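Following: one structure in structure tokens, then a few remarks.
Computed from a predicted model, the values in this text were never measured in an experiment.
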Amino acid sequence: MLKEWPLVAFTIVGQMAVGVYLTAFFPWALLAVVFPASAGPPPDGATQGLRIALLALVFALLAAAALVSFFHLHHPFRARYVLSNLRSSWLSREILFELGFMAFVALGVFLTWRQPTGVGLLNAVLALAGLMGIMFLVSMSKLYMLPAAPAWNHAYTPLSFIMTALALGAMATALLIDILAGGRQIFGYLLLLSFPLVGAKIIFSLFLTPGHGIYGSRSGPSLRPPAETPRLLHLGRLTLLTAGLVLIGAAIIARDVEFRAATGSGVSGLLAVAFVLVLASEVAGRFLFYGLLTRPGR
Amino acid sequence: MVTQYAFFFNAAACSGCKACQMACKDRNNLEPGLLWRRVYEVAGGGWEKKGEVWVPSVVAYNISMACNHCEKPVCGLSCPVKAIWKREDGIVFVDTDRCIGCRYCEWACPYTALRFNATTNTVSKCDFCFEAVDAGGPPACVAACPQRALDFGDLAELRKKYGETRQIFPLPDPSLTDPALVIKPHRDAARAAERAAEVANWEEV
Amino acid sequence: MKAPPLKKKIETSAMSRRSFLRWSALVGSTAAASKGLAAGFRRRDPRHALVERAPSEERMIRTGCPSHNCGGRCLLKVFVRDGVIVRIETDDRPGDTIADPQLRACVRGRAYRKRQYHPDRLKYPMKRAGKRGEGKFERVSWEEALDRIASEFKRIKAAYGNQAFYVPYGTGSYNQINGRQTAQRLMNLYDGSLGFYNSYSWAAISAATPTVYGTSVTGNQRQDWLNSKYILMWSWNPAEMRDGTNSEYFVQKAREKGARVVCVDPRMTLSAVSLADEWVPIRPGTDAAMMSAMAHVMIRENLYDAEFVRTHCVGFDETQMPEGAAGAETYKDYILGTRDGRPKSPEWAEAITAVPRETIARLAREYATSKPAVLYQGYGMQRRAYGEQAVRAGCVLAAITGNVGVPGGWASGIALQAPDGGPFWLVFPTGENPVKAMIPSFLWTEAVLRGKTMGEADGVRGADALDTNIKCIWAVACNALINQHANVNRTARILADEKRVEFLLVQDNFLTPTARFADILLPVCTQFETWGLEDGWKYGDEVILMPKVVEPPFETKSDYRICAEIAARLGLEEAYTEGRTERDWIAWSLDRYRQSRFPGLPTLDEFEASNAGVYSLPVERPAVAFTDFRRDPLKYPLPTPSGKIEIFSKRLHDMNNPAEIPAVPKYIQEWESPFGPEPKKYPLSVIGHHYLSRVHSTLEGVDWLEEAFPQRLFINPLDAGPRKVKNGDLVRVFNDRGAVIVP
Ligand SMILES: Nc1nc2c(c(=O)[nH]1)N[C@H]1C(S)=C(S)[C@@H](COP(=O)(O)OP(=O)(O)OC[C@H]3O[C@@H](n4cnc5c(=O)[nH]c(N)nc54)[C@H](O)[C@@H]3O)O[C@H]1N2
Ligand SMILES: Nc1nc2c(c(=O)[nH]1)N[C@H]1C(S)=C(S)[C@@H](COP(=O)(O)OP(=O)(O)OC[C@H]3O[C@@H](n4cnc5c(=O)[nH]c(N)nc54)[C@H](O)[C@@H]3O)O[C@H]1N2
Ligand code: SF4
Ligand code: SF4
Ligand code: SF4
Ligand code: SF4
Ligand code: SF4
Ligand SMILES: [Mo]
């Protein structure tokens, strides 16, 4: 289970990248492509800087994820073959979509920076990047939804991936905006969004975690050694999430107070701690996830 | 011409002696921990009080299993680098010069046939003793069985000879991979599920 | 110590496999024509690449699996490259018929390479460096070791006489020129040593069987099992303990032919799982009770073969009591409880055996009415207190159901193979032992402690009493001083005392628990590294040649060579070797086989040149023990005093110890039993069994075998539950004598 740390890191960081992108860009970009009228004026300098920073963050996360995934290969130098089996391997597809996502995000950075042909192209690129990101998430889910692995072949897998992406994404974006811009328009909306997302995660994990959740699937007899996932991970994850939720709630209240009293109230600090807690819960949850499926032998 | 090599396994006759497993290890020089063929001990049931004494309602049997060289080899279908390939005669191979060692196929195979080989840093598995088979002989495990509980041949012919059964408890649903496997069930197999049988020797397989 | 070249060799042998892997990978990456299959998948044909294969310089030699005491004798194909064994296959003679089946090796034979090239193999002669038993040794030269041995032998002979020498029971090698027999031959030439009789294996069954039948040859050739309708496997586990190569295969075939098979064993063995239709668990040590209850049912329901009992047996009831025993308790008296007031009914037996009364009654009916039937007795049930009773009770069941002397039947007892007792095991000539005194093989500890006081009551034979305690033990192919003996903590204390056993010489392949006590420890080559010859163990109709396959590594030597070199120092070299090399002795042994069971045997040169490995006599019509006796008991009487089957034994009657040696088989409560005072302190009973991954202690520590069959303790879930013992837990099993810790 612990040996899977590269996959734990890869999936969490990769999903967070998608999440940041989806919460910060994709809806607006999509809107702009579908209803060009909604596109609005070209961004001013500050917004442009913020955008570039967020896109760069997404790119950096994806690059880090890709890098860490090499640690999971036993022949990393042969990784050049990984796109060979797009016809049937979701693993090949996952890599393709990750690379595609990275490429479009990079293009997005370039276009935002240079603005060569106005916002139309940029929005199109950003919309495509979003689609790539979604496909990245889909293939990541499909990859684990193996008929041979009942513990994973379950709606739990895609749902948990999406929720991880959105919760971490919303919080990370909020934090970054807070740090970089201090401007709190989108921030407030993201902070509010984090609350139900994390809350939903708690309920979802409590009920549906395979092997541990109240209604979570229990794997039947098979030729695969039974999983020995420590229950502690499950409980730890729930505790961390709950603590995170409380802190987010506190941050929301603090932000309210801050508005009214116009004094500093440590919103950023609260949010940062909440983010760390939720991230830690994701790490625990992911180890739990890989622990559900043991490999026989050594 | 053989279009799909397959194994026959007689669960009713298998004593669980593991001569097949050892023959495989010797032929392939498999270090401890690396099993291409392995023998599962399936056991369930319990004891019931009858008057003053206890009587067993135990079910138990053995399953010797290698790779089933499936007609729908999900291992290879899921390999990102196409390092798993199927020969004209149905034998499924791992290309150890191409495998990146991602171990994804290990998850995909419902028979846990693929095993990581720390010497080559790739996955590995039964290759149907293709050299012996190509030379007209039997695979090492088949030739080893003191109970003559293993056989091999073309899937269609094995089916003619031994019937169509290709699944016994707790093997996975065969429609997942279409394993090239014919089984003669042990009498207890029919009662295994109801008596909550399980593989009882995890540390050995 | 310098790096062992063996390890290098093993690595090199692994290397060649690695280059093969590379090759097969190359095959994989050569793209060729493709044919549509499931999406993303192509079939390719690598066959063209096969010709590129490196030509093999391998040599294949057919030989016997090293002849330890495993119960099987199997044929191996050993592949040698550059003087190293690289692969082992088994018998693949075409045909594989029931009459002449392939001798397929078990898991141990297939793993033998890992024993052969085990890093812990003894490499040099050594002498003890610490206290005896401490296991500390110092390397010495062969010269020094052999000189020391010769001088100790001379000293002890002069001081105590030849009865002070003892070459204990040791079964590591039956290949003729490795093994304890080579030492016994030298001892016999050196004026002899204290002898022993009986074995650790069959002590009760080999003594009890002739009390019923007058002979130990009570078994049919095994192919005859295919003629049976019913096989009762009593304490018999041929799927794990090999009791003749192919025994379990024949049982399977008999079952496929329609025989019903039932297994009576406290443990659900692999035999119960794979060979039997039904498993009947029984409380250990109570077999005679269940057998008696079966007789009870047969008598009450008139299911026994009264006619056969009348014509072929004595002592069943008062109508056929032997002379001088009239009025003694008959078998029927005992079973019906006429005298002791306790009928040996299924109800009575249920309380003792924990087998439900209905089951006992049903098995009695099945066995008595499904004819012909086999009641096969394994040796686990007799390797315990009053083990003779179960043996005799089983023989009587076979007799009263009329299953003696008929095809498909079985007389029970030790059941050596008809018509001639089957395999010899050893033909290597040990010569006559000038010392006539013998002790039971198990009582050597007593002879060390108090030999001088031992006489007939202690089982001493060939002399009224012993003259001396044992002073010198020469253990060859023997781990029975410690590991395989009983109450080993006591044994270790006895051996550790240098004033008792003054010189202890051990020859082995490994530093065993016994070898740790050696004063001089000599490294012996394996049986792949010298010549050998073997026939079956208990059953078998073949001779297997064991040519020297590879050279002895390091400074190892064959037991024969070692003995010859000791002999030289005792002035007996010529007498010992008769000028023969190891190979010459094999030729000599082959002649012995040719003169007896195998007249058609080829010469050694032919045998070796053919590389056939085995010479077998197909069993088309299996011999059935007691056929003649069955046909005409008066013309072909048994070698018993009465000439008949002795349900009541006058000889036992005359021993005048009815409580422990009754004249008819009885259930006697063991001296440590669940019905005695012991359970208050120790509520559980433990039994052992011969484990599939070892031959006794031989092949212990072979990693492939430990992987396949980890050492373990089995406990009934009903006992484990309250003790909170779970699968995989480490447990301590203990009593007053000591403890073992097992997972
Ligand atoms: N694999 C293997 N095979 C061997 C050997 C070996 O070391 N390993 N050794 C060989 C040698 S030298 C010998 S002598 C034979 C030994 O052959 P056996 O003595 O027959 O073998 P065991 O396994 O000791 O006992 C046989 C069965 O008896 C059961 N048993 C124990 N106590 C009782 C009892 O009180 N009542 C009943 N009904 N059953 C009982 C055990 O559970 C076991 O399954 O095996 C030979 N074959
Ligand atoms: N508790 C308990 N004890 C038992 C039994 C039991 O069932 N339970 N079974 C008993 C029975 S039936 C038997 S037969 C005995 C067997 O007892 P042993 O005869 O002592 O048999 P092994 O333990 O196999 O020891 C044989 C030794 O010979 C060595 N050896 C192997 N090949 C060679 C060779 O070619 N040359 C030399 N010099 N050495 C060699 C091996 O390394 C090993 O150390 O054990 C008995 N002890
Ligand atoms: S058994 Fe597993 S490894 Fe073998 S072909 Fe089928 S899916 Fe692939
Ligand atoms: S481990 Fe090797 S064979 Fe298996 S999926 Fe990965 S690359 Fe393919
Ligand atoms: S066919 Fe060969 S490689 Fe496959 S399990 Fe049997 S012995 Fe092993
Ligand atoms: S060799 Fe035969 S009897 Fe033994 S475990 Fe394998 S399949 Fe079963
Ligand atoms: S250990 Fe005995 S049964 Fe096993 S292969 Fe060798 S001779 Fe045969
Ligand atoms: Mo024995």
Side-chain angles (χ1 to χ4, degrees), chain A residues 3-4 6-7 10 69-99 139-140 142-153 157 219-228 289-290 292-298, chain B residues 30-36 38 40 42 44 63 65 74-84 95-118 120-123 169-173 175-177 192-193 196-199 202-205:
Chain A
K3 267 189 279 182
E4 307 292 9
L7 290 181
F10 171 80
S69 72
F70 276 87
F71 285 97
H72 139 84
L73 303 182
H74 290 84
H75 280 293
F77 294 115
R78 297 181 187 161
R80 61 184 185 279
Y81 302 131
V82 288
L83 298 183
S84 317
N85 199 5
L86 294 172
R87 270 178 74 186
S88 70
S89 170
W90 279 106
L91 183 48
S92 274
R93 292 173 195 162
E94 180 203 51
I95 305 300
L96 176 77
F97 288 121
E98 196 210 355
L99 294 177
S139 44
M140 211 188 272
K142 288 295 280 182
L143 188 162
Y144 291 102
M145 293 173 73
L146 294 162
W152 289 345
N153 192 12
T157 301
S219 49
S222 83
L223 292 185
R224 212 178 278 283
E228 284 163 14
F289 178 81
Y290 287 105
L292 288 172
L293 209 67
T294 29
R295 288 188 174 103
R298 274 191 197 153
Chain B
L30 304 179
E31 285 309 308
L34 186 52
L35 294 172
W36 287 3
R38 61 259 167 229
Y40 298 86
V42 184
I63 299 179
M65 176 114 314
V74 293
C75 52
L77 292 171
S78 51
C79 171
V81 303
K82 285 195 188 168
I84 300 182
D95 179 345
T96 48
D97 265 1
R98 192 173 172 90
C99 168
I100 55 175
C102 68
R103 306 187 64 176
Y104 181 43
C105 49
E106 282 181 81
W107 280 330
C109 168
Y111 297 96
T112 65
L114 287 144
R115 302 292 169 120
F116 189 70
N117 180 343
T120 57
N121 263 327
T122 64
V123 293
F169 185 89
L171 297 187
D173 178 353
S175 69
L176 295 179
T177 68
E198 294 178 43
V199 172
W202 287 122
E203 65 283 26
E204 296 169 20
V205 292

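The cationic atom of A:R295 (NZ for Lys, CZ for Arg) does not lie both less than 6.0 Å from the six-membered ring centre of B:F116 and within 45° of the ring axis.
In this structure, the side chains of A:P296 and B:R115 come closer than 4.5 Å at one or more pairs of heavy atoms.
Within the 4.5 angstrom heavy-atom criterion, atoms from both the backbone and the side chain of A:L223 approach chain B. Neither the backbone nor the side chain of A:P6 comes within contact range of chain B; no heavy atoms are under 4.5 Å apart. Residue A:F70 does not touch chain B at all, counting heavy-atom pairs closer than 4.5 Å. The contact between B:V199 and chain A is made entirely by side chain atoms (from C-beta outward), counting heavy-atom distances below 4.5 Å.
Looking at every heavy atom in both residues, A:S84 comes nearest to B:R98 through OG-NH2, 2.9 Å. Of all the heavy atoms in B:G76 and A:N85, the pair that sits closest is O-ND2, 3.4 Å. Considering every non-hydrogen atom in both A:P221 and B:P170, the closest pair reads CB-CB, 3.9 Å.
Rounding to the nearest 0.5 Å gives a distance of 7.0 Å between CD1 of B:I100 and NE2 of A:H72. In this structure, B:W202 CH2 and A:T294 OG1 are separated by 7.5 Å, a value rounded to the nearest 0.5 Å. Here the OH atom belonging to B:Y111 is positioned 11.5 Å from the OG atom belonging to A:S222, to the nearest 0.5 angstrom. Summarising the geometry, atom CG belonging to B:N117 is positioned 11.0 Å from atom NE2 belonging to A:H74; distances are rounded to the nearest 0.5 Å. The CG atom of A:L143 lies 8.0 Å from the CH2 atom of B:W107; values are rounded to the nearest 0.5 Å. Expressed to the nearest 0.5 Å, how far CZ of A:R78 lies from SG of B:C102 amounts to 12.0 Å.
Ranked by heavy-atom pairs shorter than 4.5 Å toward chain B, the options A:P225, A:S92, A:P150 are led by A:P225. Top candidate by heavy-atom pairs under 4.5 Å with chain A, chosen from B:T112, B:L176, B:V42, is B:T112.
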